[in-house]
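Just below is one structure, and these are the notes that go with it.
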Amino acid sequence: MTEQLRLMAVHAHPDDESSKGAATMAKYVSEGVDVLVATCTGGERGSVLNPKLQGDPYIEEHIHEVRAKEMDEARQILGVKQAWLGFVDSGLPEGDPLPPLPEGCFALQDVDEAAGALVKLIRSFRPHVMTTYDENGGYPHPDHIMTHKISMLAFEAAGDPSRYPEAGEPWAPLKLYYNQGFNRDRTLALHEALLARGLESPYGDWLERWEKMDRPERQITTYVPCGDFFEIRDKALLAHATQIDPDGFWFHVPMDLQKEVWPTEDYELAKSRVPTSLPESDLFAGVGEAG
C-alpha cells in the first residue's frame, strides 16, 4: 500500500499494552507503521502489585494519576500513540460467592453504548488492523471480557454508515486479531528450555493448571518475529512500576533464551476482510491486496 499502515491495539488497563503485544508494536513502529493503543479504563481499581511500592500513601491515594503517568512513560518507550476511552476500572472480584461489580464500572456498561466510544476512535484513526482479546478475555477479568465485546461490535459497526452516525465518517478495519501470547506451546517450550539449562522454571504451575482445564487450545494463526524488540517490551513493562515487580515472574527467563526458543509474539486471526494464507508472520499480510 502507498499510504501509511495503521495498527490499533485495544486494551483493558494501562500495563496490558506492555504485557501483550508490546514487542510487536515496537517492531511495527520501527518500520514506519502508525500505532495507537486504545486503553478502555484508567486502572483505578488495580492493586499495587510491586511489593516495593505497597503501602505508599501517595500512590494509594492517587493511583489513577500514578497509573496515567506510568502509561505515558510506557507509550514513549514503545513509540506509540495512546488514547483513553474513559471507562472506570471494574476491579477483579474475589471470593465465593463473588461480590457484585462496582456501580458504574466498565464491565456493567451497555455494550452498544460503550462500543460507540471505540467506533469513534476507529473512525478517527482509521486502522487497517486491530488487536484485542478473545471471548475469555485472555483471562477472565471482567474488563478484559468487556474489551472483547466492544472490540467485536466496533470492528463490525465502524464501517457501517447506519451505525453510530454521530461518530464520524465510516471506516472498516481489514483484520482483527486476538492476542494469544500466553499460549501453551510457547509456555511449554520455554519451560523445557529452562529445565534443560538447569534453571528453575516459573511455568510449572501454569502447565499443571492447563492440564486440568477442559478448554480447547486456541488456534494460533500468526507468529510475528519481534525478538529484537523484547528489551523494549520489558522496559515498557517496567514503566508500570506499581504493577510490575522488577524481581518478579516476568523477568525469570533469560533474554537470550527467549530469543532463541520463542522469538515471536503470537496471535489468532479472528476476522479478515482481505485474502489470508495461514499461518502468517505479519499482521498486515493481505492488507495491500484490499480494494
Side-chain angles (χ1 to χ4, degrees), residues 9-13 15-27 46-47 49-50 74 78 92 94 131-141 143-145 147-148 176-238 240 243-270 278-283:
V10 188
H11 288 287
H13 311 105
D15 80 73
D16 287 324
E17 85 296 326
S18 296
S19 62
K20 304 166 190 68
T24 297
M25 292 192 294
K27 163 193 161 69
S47 301
L49 301 178
N50 184 346
L78 295 172
L92 182 60
E94 296 179 301
T131 66
T132 189
Y133 313 138
D134 64 31
E135 66 276 9
N136 301 308
Y139 80 108
H141 189 298
D143 285 339
H144 284 240
I145 293 170
T147 298
H148 164 80
L176 176 70
Y177 288 90
Y178 298 150
N179 297 288
Q180 296 294 356
F182 302 116
N183 60 78
R184 189 180 186 281
D185 286 347
R186 172 185 177 273
T187 305
L188 182 60
L190 292 173
H191 175 74
E192 292 180 341
L194 285 163
L195 297 182
R197 283 195 183 188
L199 300 173
E200 184 179 351
S201 169
Y203 299 120
D205 290 342
W206 279 31
L207 292 166
E208 285 184 18
R209 286 197 297 271
W210 250 312
E211 292 297 329
K212 297 174 183 176
M213 291 172 64
D214 185 22
R215 197 167 81 182
E217 288 295 314
R218 309 295 305 200
Q219 181 187 7
I220 308 301
T221 62
T222 310
Y223 299 84
V224 178
C226 52
D228 289 344
F229 298 88
F230 284 177
E231 287 91 350
I232 293 176
R233 172 204 65 194
D234 285 2
K235 188 176 179 183
L237 197 55
L238 287 167
H240 294 282
Q243 304 303 299
I244 302 297
D245 179 359
D247 301 318
F249 168 87
W250 289 101
F251 308 104
H252 282 186
V253 183
M255 183 61 70
D256 67 309
L257 186 148
Q258 294 183 50
K259 292 182 177 183
E260 174 189 339
V261 174
W262 208 274
T264 64
E265 288 183 336
D266 310 331
Y267 300 84
E268 177 184 352
L269 180 62
L278 303 178
E280 309 167 311
S281 60
D282 181 8
L283 299 183

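For I145, the side-chain contact (heavy atoms from CB on, under 4.5 Å) partners are P140, K149, not counting sequence neighbours. Evaluation of the salt bridge (Lys or Arg N to Asp or Glu O under 4.0 Å) rule for D143 yields no partner, not counting sequence neighbours. Partners of Y267 under the ring-ring contact (aromatic ring centres under 6.0 Å, His included) rule, at least two apart in sequence or in another chain, do not exist in this structure. Under the side chain to side chain donor-acceptor pair (under 3.5 Å) criterion, D134 pairs with Q180, sequence neighbours left out. Listed by chain and number, the residues in a side-chain contact (heavy atoms from CB on, under 4.5 Å) with L257 are L190, A193, L194, R197, V253, P254, V261 (sequence neighbours excluded). Partners of D228 under the salt bridge (Lys or Arg N to Asp or Glu O under 4.0 Å) rule, at least two apart in sequence or in another chain, do not exist in this structure. Scanning for ring-ring contact (aromatic ring centres under 6.0 Å, His included) contacts around H240 gives an empty result, with sequence neighbours left out. Residues forming a salt bridge (Lys or Arg N to Asp or Glu O under 4.0 Å) with D282 (at least two apart in sequence, or on another chain): none. The side chain to side chain donor-acceptor pair (under 3.5 Å) search around Q258 returns R233, not counting sequence neighbours. Applying the side chain to side chain donor-acceptor pair (under 3.5 Å) rule to N136 yields no partners; only residues at least two apart in sequence or on another chain are considered. For K259, the side-chain contact (heavy atoms from CB on, under 4.5 Å) partners two or more places apart in sequence, or in a different chain, are F230, E231, M255.
Interatomic distance, CG of D16 versus CD of Q243, reported as 9.0 Å (0.5 Å rounding). The structure places CG of L238 at 9.5 Å from CG of D245, a figure rounded to the nearest 0.5 Å. Remark: N179 CG to T131 OG1 distance equals 5.0 Å, nearest 0.5 Å. We find the NZ-OG1 distance between K20 and T132 to be 11.0 Å, quoted to the nearest 0.5 Å. Within the model, atoms CG of L92 and OG of S47 stand 8.0 Å from one another, a figure rounded to the nearest 0.5 Å. H11 contributes atom NE2, which lies 8.5 Å from atom OG of S18 (distance to the nearest 0.5 angstrom).
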Exercise. Evaluate side chain to side chain contact (heavy atoms under 4.5 Å, CB included) for L78 paired with I232, printing each intermediate quantity in order.
Key: CA-CA 7 Å; L78 295 172; I232 293 176; 3.9 Å; yes

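Put simply, the side chain of E280 never gets that close to the backbone of L278: no donor and acceptor are under 3.5 Å apart. Within the 3.5 Å criterion, the main-chain N or O of E265 finds no donor-acceptor partner in the side chain of T24. Using a distance-only test at 3.5 Å, with no hydrogens or angles considered, no donor-acceptor pair links the side chain of E192 to the main chain of T187. A donor-acceptor contact shorter than 3.5 Å links the side chain of H148 to the backbone of Y133.
Of all heavy-atom pairs spanning S19 and F182, the tightest one is O-CZ, 3.6 Å.
Put simply, the side chain of T222 reaches to within 4.5 Å of the side chain of L283, judged on heavy atoms. Within the 4.5 Å cutoff, no side-chain heavy atoms of T264 are placed close to those of V224. Put simply, the side chain of N50 reaches to within 4.5 Å of the side chain of P246, judged on heavy atoms. Using a 4.5 Å heavy-atom cutoff, the side chains of I220 and D185 are not in contact. Between M25 and F229, the closest side-chain pair of non-hydrogen atoms is not below 4.5 Å.
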Determine all donor-acceptor pairs shorter than 3.5 Å in which one atom belongs to a side chain in residues 201-211; sequence neighbours excluded.
from, atom 1, to, atom 2, distance (Å)
S201, OG, H191, ND1, 2.7
S201, OG, Y203, N, 3.0
E211, OE2, R184, NH2, 2.4

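Relative orientation of the H141 and H144 rings is tilted, given thresholds of 30° and 60° on the angle between their planes.
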